[in-house]
Structure formats: structure tokens, C-alpha cells
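A note on names: the letters A, B, ... follow the listed sequences, proteins ahead of strands, and every chain is numbered from 1. Computed from heavy atoms alone, side chains included, the values below leave out hydrogens, waters and symmetry copies. Model, not experiment: these values are computed from the prediction.
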2 protein chains.
Amino acid sequence: MASVKNTQGTKTSQAVVDTAADAVEEFIRRRKKATINDVARLARVSKKTVSRVINNSPSVRNETREQVNDIIARIGFRPDPQARGLAFRRSFLFGLIYDNPNAQYIVNIQSGALDRMRGTGFELVVHPCDKESDDFLEEIREFVELQRLAGVILLPPIAENRALLAVLEDLDVPYVRVTAMHGAENDPPILSPQVVSRDRHGCMLAAEHLLALGHKRIGFVTGPAGYASARERRQGFNEGLSKQGLSIDPALEVEGAYSFESGLEAGLKLLDRPDRPTAIFASNDEMAIGVYRAAFQLGLHIPDDLSVIGFDDTPAAGRVQPPLTTVRLPIRDMGRAAAETLIDPEAERRASTIVSASLTVRDSTGPAETIFKP
Amino acid sequence: MASVKNTQGTKTSQAVVDTAADAVEEFIRRRKKATINDVARLARVSKKTVSRVINNSPSVRNETREQVNDIIARIGFRPDPQARGLAFRRSFLFGLIYDNPNAQYIVNIQSGALDRMRGTGFELVVHPCDKESDDFLEEIREFVELQRLAGVILLPPIAENRALLAVLEDLDVPYVRVTAMHGAENDPPILSPQVVSRDRHGCMLAAEHLLALGHKRIGFVTGPAGYASARERRQGFNEGLSKQGLSIDPALEVEGAYSFESGLEAGLKLLDRPDRPTAIFASNDEMAIGVYRAAFQLGLHIPDDLSVIGFDDTPAAGRVQPPLTTVRLPIRDMGRAAAETLIDPEAERRASTIVSASLTVRDSTGPAETIFKP
DNA sequence: TTGTAGGCGTTATCAG
DNA sequence: CTGATAACGCCTACAA
């Protein structure tokens, strides 16, 4: 109870500082987690004033603010997120919700988002889910509601699930969708904050690359129907081909499931025939590597007998033999941008952050000429 | 204010139920998030009693308990984790802390842990960190302290960092280490809850497999010095060799960094000479695939000219050409077990959960005989 | 500009 | 076994 009373006669500024300093050091010695009350007492203000300082309220005299901040720094006070959240009716947690099998993608998004979140006081809660489950929506609703999330990051493919978006709107929680940029299509574009990648453009580059190498008979392995990315990539590739008056040959198009196995199967279907294509574009690396396997099984050599392009530029792309030419997306940057959207208060612009794709040319693509058998 | 007063004359059990039912339906109609107060009012008990029911306190009459649970179920009440956390001085969050570049590993641990956590009310907060950073420890301390974590899962290699463990002990937060089982060694084993894998045993199997195929000159690519897993794997492989009176040949041992590049480099060093080994064991898949590249560069064919074994059984292992023989660890199960350790109150047994390794034989290993050049 | 009273939703204390 | 009452640490409303 060593309450320090300020002697009337000596309440010069210096004296105040001294006695306060004692109290502060006394406090630090006990090294207990400081609360807003400690700060208030030590700074000789009400806790409401401390609260104002914490929340950057403008209505605090500068002198007072400095005084408070000084104490805060000295005793190492950090407001308790739980208490704050309780009062705010909202936590300081972002939820990362996904149903996506690509580990590298998930981890990259995560680390990008966390990168941006560092120092902001927000934390990231991961929440994989099963979009085929019966209680898919209810499960997510409960998660978001119960945790009173401060924001949600949605990854493909569920970022395109309108029913899910409706739930989030209903819950009134800020959210960002990470997805492939939406091209002109039948269904209307979704107008909520999003981080979009120029998948189409990337695939256009891929098509142009193959065209430049002289390829004409080109196989295409589509992604699963219903996936925005699959649609975009197909469209982009087609656009690229169209620059030379070509287009995706229906006879040389096979739908895959973004998996190695589906790529292998598609590859066999495309290659195990006399009029096989001289090049194949697979809508992701996973499937492209499946095509590698198909080529191997058929005794075809890449890139001499067949050129292959993938999409994603996963680490594996650089490690298979031959290293895979592929479209690269800056996934980490997308994670960063997603977090940014949730953090920045003016995210209400409801705008899109756009990131572009590029082509990483490696050794899986070569000139078409060498393939002609005289 | 439609407070339902119970008419004295009609307070039969049935009447009570009826009026209560009305109030309940009335409440449900407004579909607002229910609080403990709502439950208390509707169940005609104090909120403390509701609290007791929530927390499975034994001192509640069964009848009362059922009554309360009934209301809870009907209005869909879920206690607020933030408020609960505030009162408990402890959140319902587990932290997953790691400094590990293996995306697949991270995601598998995550999904295993989340798998076990489903329905328990706990959530998982991911926290990558940089063990080389100056404020490595302080940063983690603040994270754990501020979030008042209910538990921490530590992944290799920081799961072996004693300074970090000391911090966690000091913070008095429950934690589990996921790591390779500790063999007899110089430094004393760490005696905190852990989920350990039999890396040694797995590598013994690998050695035996190569031995059985007739290999004698076997190269070994070690993991980075200081990593428990690296040490264990080496020891296990050596033990395996010793069964045939062999041991790791110092001239055929190269240290790698668990990366593709280091594997490539090690592979070149091992293979680019006349007395090259007929088989190489790399301490993880990443490096094994680097060895693939080295072999390719030197014009060696796997498995005809060289057998290769990796460790981890990452998805890539099954996709490279030829598919890689590798030691498999049930990573997801380890994640599950880690969560289990934190969830189960009797985790104080301070015991280890042990999972075993197995050998996945694919096509990268073949008989040594074929290599002899007559 | 600052402080007081009250509340956020839950649990702990200590009576009854 | 049950219930007032006071925390938990912070914020909002309303005064001063």
C-alpha cells in the first residue's frame, strides 16, 4: 500500500517525476504483467485516458499522451487482446479458411499474410474445411461467430462459393477473397474485397511461348469445372492461341482435377495416339508433372518429343527432370495483400488488389521442329 | 419486457415447462447470440449454475443440469471464448510455433492437430519465426504471454532449443515438442511432453534394404549438424549397416542442409569420381531429389547405375522419375498426437508419444550387381 | 481534455 | 447444491 502522496509544498514537476519514477521501478521489480490500471496509477491519470492513448484518440493533450506512453514503455504494458476483444465485441484474430490440397500454396499465403500482420497485434487462426461436408456453411458460421473474427481470408476454391460469402455478409465480418481475376463470363463478378491474380495473362504468355517455338498441335489439360482459376486459365490460354488464329482443339482437351493422377491420366489420353500433340499445357504443376509421368511411360522425351508447361511454379517445378517451364504467381505477395486489405481501415474501397503472373521458362519446352519425323 | 411470471396456482411442472417454452421460442425468434444470462433466465437458475454446467462441475443436481443443458441446446448457446478466457486468465488458443521450410510438413502437422482439435473449442494460431533473429526468444515470449495461449506445439528444429523451452517453462504454458526420438548421446534428453518419431529405426530399415540389394559402397548425405533428426538418422543408418559389419564410410559422407541444392552438391561430390558409391542415402527427400539431379547431370541412371533413398515420403517422392524409395513418417498422426497431448488433462504424465517410421519402397533402389562393369 | 459509472460475458469467492 | 457479488482488463456513454 505504499501509495505515494504528493506533498503540497513540493509538487514541482521534478518532484512528481521522482516519486513517479520510484513507483515505476518498484512496479518493474515485481515484474508482473501490467494492466491498464497500473499504467493509470503510475501515470496519475484515469484508466480511460490510458485507453484513449492506446486507441489513438485525438482528444488527449499531447503532454498527457507522452506521459502515458512513457509509463507504458517503461513498464512494458501491452493491452490484453482478450479483454479488449470482449469490450470491442470483436477479437484480434484473422481466420484463414480454405479447402485446398496444395500445401505450398497454403503455407505461402500464410507466411505472406503473417508477414504483413507482424506488429499489428493480429494473429492468424487457420481453419481448413471440407466444402463437400453437409455442415460446411454452418461449421464456418460458428467458427467466425464464436471467435468474433476481425477478418477472414478465403482461398480458392471456396473463395468463389457464393453461399459462403452470403454467410459472411450476414455475419458482418470483413473478408477478402484470394482468387483468379474474373474475366467476362456468364455469371456476374463478385464485388467484395479481393486479391486477384492475372491467371489469364499468365496463360496467354504460356500460349505465346509455345507458339513462338512453332507448336501447332497443343494439348490442354483443364482444371476442374467450376473452379474460377480453371476457367480463367483456359480462357487465357485460348486468347494466347488466338493471336495466331488458333484455339484450343476440343479433341486435344482433357479435364483434370488439379492432381498428379489426373494429370497422368490426361497425359496418357493425349499422348497415346499417332496424332499426339507436340506440346501440352497443364493448368497446374501437379498435373504437368503427371504429364511427365505419362510421357515417360510412353517413352517420350521432354522436351525433344514433347513440350510441357505447368502453372504455379511450385518448388517441385524446379526439381523435376527436366525443370518445368511454368507460370508463376506471387503467392506470398497475395497473402500479404490479403492481410493488408483486412488491416487497412480504408479497405472499404471494396477494391481489388491485382497481382500479375509471369512465365518462368525452364527446360521442359523446346522448338516444335525437332519433333517432325522425316 | 414480456417477462413471464409464473402464476402461483398453476405452477405444476407442466405449466413451468410451458411458460418456459414460450419464453424460449420468443428468444429464438429474435435470433441474437445467446449469453449465459439468457440461459440462466430461461432455465430459471443463476448464471453461476449455468457456468457450473458448462464447466462440468460435479456439484450440480442432475435435474438442474439437464434443465440447463436443455435450454442451452434449444437456444444454441455457446460460451464466448473471449469472456471465458478473460475470466480464466487463459485463452483457448494453441500456438503452432516453427521455423521450418518444409511446407508439406507444416501443413500435415497443422491438419493433424486441427483434426484432433475439432469440436474441443480450441483453435490453432500459427506462428512461424526466425531462430536466427536477435529477438527470437523475446518475440515468442510476447506472443505466448499476450495471447495467454492454452498450449504450444513446437516443431523441429526449434523443438530442440533449450533456451526456448526455458522461456516456455517460465511462462508456465503447456507445450509439446514434435521431434525425432532421442538416442543415447552426449547431451541429456529433454524431459518434457513430446511426440517423437523413430527416425533411427526408419533409417535402419533403409540401410538393411540397401544391404539386401547387395550394396557395399554406400554414400550418406547427412542433415545439418545440430539437428536432432540429422543425428538420429545418421545413427540409425549406421546401426543398420553395422548388422553386416559395415558403417558409414567417412569418405562417402557429406553434410547437407536438408535442401535440394545441398543435395545436388552432395550428390556431385559423391558421384563425380571413379570409385563412386552404388547407392546413396540422403537424410531427406529434398536432398535425395538433389541427388537425382546430380545423377542426371553425370549421366547416371537411377536405379541401374545408382540406388537412392530419401526420408519423409513427401508427395514429390512419388512423382519424381523414378519414384523415390523413402522412409515414411506419419506426420499427420504426429500433429494429432501433439494436439492430444495438449488437450488431455492427464498430459502431465510428461510422457512421450512414439510413432514409428516405415520404408516405402519404390523404384529408385535396385540390386547392386547390375552396376558392376565387367 | 479528462474522469465516472457501467457493461462486455464469463468465472471465483463465499455465503446460504 | 445454489446464488449474490465481485472480479477479469478493457471500452462506451455520458458528464464535468
Side-chain angles (χ1 to χ4, degrees), chain A residues 27 32-69 71-72 75-93 121-122 142 145-150 172, chain B residues 27 32-69 71-72 75-93 121-123 142 145-150:
Chain A
F27 181 90
K32 238 197 64 186
K33 211 178 149 190
T35 76
I36 200 173
N37 289 304
D38 300 319
V39 178
R41 181 164 37 76
L42 262 20
R44 300 169 187 284
V45 296
S46 76
K47 54 188 209 177
K48 178 62 219 182
T49 297
V50 178
S51 171
R52 288 198 177 91
V53 172
I54 294 172
N55 294 290
N56 287 314
S57 160
S59 57
V60 175
R61 217 191 335 156
N62 262 334
E63 196 183 337
T64 311
R65 179 187 310 281
E66 283 169 22
Q67 191 177 332
V68 171
N69 274 328
I71 297 292
I72 288 180
I75 71 177
F77 165 73
R78 300 278 283 143
D80 181 331
Q82 301 217 62
R84 229 146 94 86
L86 183 57
F88 272 136
R89 272 174 209 73
R90 142 182 307 268
S91 75
F92 290 87
L93 304 175
F122 289 106
E142 176 161 331
E145 190 168 24
L146 204 57
Q147 299 300 324
R148 296 178 188 277
L149 295 186
D172 200 36
Chain B
F27 181 89
K32 240 198 63 185
K33 213 177 147 189
T35 76
I36 199 173
N37 289 304
D38 300 318
V39 178
R41 182 164 37 78
L42 262 19
R44 300 169 186 283
V45 297
S46 76
K47 55 189 208 176
K48 178 62 210 179
T49 296
V50 178
S51 170
R52 288 197 177 91
V53 172
I54 296 171
N55 294 290
N56 287 314
S57 160
S59 57
V60 175
R61 216 189 339 154
N62 263 334
E63 196 183 338
T64 311
R65 180 187 309 280
E66 281 170 24
Q67 190 176 333
V68 171
N69 274 329
I71 297 291
I72 288 181
I75 71 177
F77 165 72
R78 301 279 282 142
D80 181 329
Q82 301 217 63
R84 229 145 96 85
L86 182 57
F88 273 135
R89 273 174 210 73
R90 155 148 307 196
S91 73
F92 291 88
L93 304 175
F122 288 106
E123 298 291 338
E142 177 161 331
E145 190 168 25
L146 203 57
Q147 298 302 324
R148 297 178 187 277
L149 295 185

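Partners of B:Arg148 under the salt bridge (Lys or Arg N to Asp or Glu O under 4.0 Å) rule, at least two apart in sequence or in another chain, are A:Asp80. Contacts of A:Ala40 classified as side-chain contact (heavy atoms from CB on, under 4.5 Å), with partners at least two apart in sequence or in another chain: A:Lys47, A:Val50. B:Phe122 meets the ring pair (Phe, Tyr, Trp, His ring centres under 6.0 Å) test with B:Phe92, B:Phe94; sequence neighbours excluded. Under the rule for a side-chain contact (heavy atoms from CB on, under 4.5 Å), the partners of B:Ser51 that lie at least two apart in sequence or sit in another chain are B:Ile36, B:Lys48, B:Asn55. In this structure B:Glu123 satisfies the side-chain contact (heavy atoms from CB on, under 4.5 Å) test together with A:Val125, A:His127, A:Phe143, A:Gln147, B:Leu93, sequence neighbours excluded. With sequence neighbours left out, the side-chain hydrogen bond (donor to acceptor under 3.5 Å, both in side chains) criterion links B:Arg89 to no other residue. Not counting sequence neighbours, the partners of A:Thr49 by the side-chain hydrogen bond (donor to acceptor under 3.5 Å, both in side chains) test are A:Ser46. For A:Glu142, the salt bridge (Lys or Arg N to Asp or Glu O under 4.0 Å) partners at least two apart in sequence or on another chain are B:Arg78.
Here the shortest heavy-atom pairing between A:Leu146 and B:Pro79 reads CD1-O, 3.8 Å. Looking at every heavy atom in both residues, A:Val60 comes nearest to A:Thr64 through CG1-CB, 3.9 Å.
Using a 4.0 Å cutoff on non-hydrogen atoms, the parts of residues 80-90 of chain A near DNA chain D are A:Asp80, A:Ala83, A:Arg84, A:Leu86, A:Ala87, A:Phe88, ordered by number.
Scanning DNA chain D 5' to 3' for nucleotides with an atom closer than 4.0 angstrom to a non-hydrogen atom of chain B gives a first and last hit of D:dC1 to D:dG9.
Note that the NZ atom of B:Lys33 and the CG atom of B:Asp38 stand 11.5 Å from one another [nearest 0.5 Å]. Taking CZ of A:Arg52 as the start and CZ of A:Arg61 as the end, the distance is 13.0 Å to the nearest 0.5 Å.
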Enumerate all atom pairs, one protein N or O and one N or O from nucleotides 2-4 of chain C, separated by less than 3.5 Å.
{"residue": "C:dT2", "atom": "OP1", "partner": "A:Arg61", "partner atom": "NE", "Å": "3.3"}
{"residue": "C:dT2", "atom": "OP1", "partner": "A:Arg61", "partner atom": "NH2", "Å": "3.0"}
{"residue": "C:dT2", "atom": "OP1", "partner": "A:Thr64", "partner atom": "OG1", "Å": "2.3"}
{"residue": "C:dT2", "atom": "OP2", "partner": "A:Arg61", "partner atom": "N", "Å": "2.8"}
{"residue": "C:dT2", "atom": "OP2", "partner": "A:Thr64", "partner atom": "OG1", "Å": "3.4"}
{"residue": "C:dT2", "atom": "O4", "partner": "A:Arg52", "partner atom": "NH2", "Å": "3.3"}
{"residue": "C:dG3", "atom": "OP2", "partner": "A:Ser46", "partner atom": "N", "Å": "3.0"}
{"residue": "C:dG3", "atom": "OP2", "partner": "A:Ser46", "partner atom": "OG", "Å": "3.1"}
{"residue": "C:dG3", "atom": "OP2", "partner": "A:Thr49", "partner atom": "OG1", "Å": "2.5"}
{"residue": "C:dG3", "atom": "N7", "partner": "A:Arg52", "partner atom": "NH1", "Å": "3.3"}
{"residue": "C:dG3", "atom": "O6", "partner": "A:Arg52", "partner atom": "NH2", "Å": "2.6"}

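Proximity of B:Asn37 to the phosphate of C:dG9: no side-chain N or O atom is located under 4.0 Å from OP1 or OP2.
Taking the screw axis at each terminus of the helix from C:dT1-D:dA16 to C:dG16-D:dC1 from five consecutive base pairs, the angle between the two is 40° to within rounding of 10 degrees.
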